[in-house]
2 protein chains.
Amino acid sequence: MSVKLNTDKLDLQIINAMMNDAEISYAELGKKLFVSAGTIHVRIKKLQEMNIISGTRMNVNVKLLGYDCTAFVGIYLEKSSLYDVVAKELKKIPEIVRLNYITGSYSMFLEVVCKDIAQLRRVLHDELQKIKGIERTETFISLEEGFSRTLVVVDPE
Amino acid sequence: MSVKLNTDKLDLQIINAMMNDAEISYAELGKKLFVSAGTIHVRIKKLQEMNIISGTRMNVNVKLLGYDCTAFVGIYLEKSSLYDVVAKELKKIPEIVRLNYITGSYSMFLEVVCKDIAQLRRVLHDELQKIKGIERTETFISLEEGFSRTLVVVDPE
DNA sequence: ATTGAAAGAGTCTCAGT
DNA sequence: ACTGAGACTCTTTCAAT
């Protein structure tokens, strides 16, 4: 069950705004949403206490820092019971920025960010294949990112 | 080529810190990195001008708002030349938060965030299959997110 | 719950080094 | 290029509604 029942339209408007730009001031956001800065403040405090929102992150263009190579990796495990022990090993590899357990052909699915193909090869061959329990992997190199955006959260219909 | 040559160790330390927590004050970050708040400020301004960093986003736990269903979707296109027209249609579907062009079996790869399986079915069946040029799709539903983290950017070795 | 104003904290600018 | 201090803006608190 969700805590959605305790959030109203104003909360969702604040969330959608701050999800895309957390630098907007309470005064400016309040003006947009026709309430005072104080109201924005108490709502944000409430949403933080409900763990719906938590901190902010700076957007970084890692491409400009030389990280030009994103790949997705599907993992076949020898046994499903090896999930946790393999996940623990994968977490040690800094180039892996995300791990999901999924349905379908693969047991696990990774997102990997590297500087170049050479580094990706090192991660796949030297690091991944070394982990006990991984049967084989399938790699999809991202040629280009079409788009990436935040979800727009809406009320239940 | 990257603009990496114009960034030093201090820049990277600032980036790594603010990528994870953009709310830290310049004074506090300066203390950690043994420089003044003013220096943090000019470095951040420089990084913004270089387009390496750009704005901040609030972290939102969309699960608590009822968005409990993440899926990855591989797309087979009838012809590769249909990339752009199909991408344009996909961008109109708000549940699709990310699109990548990739190597391998699929032409495109999507990340979709929905409230439940019923909404995912609607997106896949009613929206996706309706788009001209999509031959077929393959869906991987995320059962659980193992982890998700920001990349740690480092100097060239 | 929301407001408006005062107190506190952070950002931004700039002259000096 | 970095620092420290002053000006400015934003967050936070709170009494009143």
Which parts of residues 21-34 of chain A get close to DNA chain D, meaning a heavy atom less than 4.0 angstrom away?
A:S25, A:Y26
At a heavy-atom distance below 4.0 Å, which nucleotide of DNA chain D is the first touched by chain A, and which is the last?
D:dC10 to D:dT13
For [X], enumerate each residue passing the salt bridge (Lys or Arg N to Asp or Glu O under 4.0 Å) test, keeping only those at least two apart in sequence or located in another chain.
{"X": "B:E138", "result": "B:R136"}
{"X": "B:K32", "result": "none"}
{"X": "B:E95", "result": "none"}
{"X": "B:E135", "result": "none"}

Going by the side-chain hydrogen bond (donor to acceptor under 3.5 Å, both in side chains) test, which pairs reach into residues 47-56 of chain A, not counting sequence neighbours?
none
So side-chain hydrogen bond (donor to acceptor under 3.5 Å, both in side chains) across residues 77-91 of chain B, not counting sequence neighbours, yields B:E89-B:K92
What parts of residues 39-49 of chain B reach DNA chain C, counting only heavy atoms under 4.0 Å away?
B:H41, B:K45
Can you give me the bend angle of the helix from C:dA1-D:dT17 to C:dT17-D:dA1? Use the axis through the first five pairs and the one through the last five, nearest 10 degrees.
20°
Non-neighbouring partners of B:F140 that pass ring pair (Phe, Tyr, Trp, His ring centres under 6.0 Å), sequence neighbours left out:
A:Y106
Check ion pair A:D116-A:R122 (N to O, under 4.0 angstrom):
no
Among B:L90, B:I102, B:N100, which residue meets the side chain to side chain contact (heavy atoms under 4.5 Å, CB included) test with B:M108?
B:L90
Earliest and latest nucleotide of DNA chain C, 5' to 3', sitting under 4.0 Å from a non-hydrogen atom of chain B?
C:dG10 to C:dT13
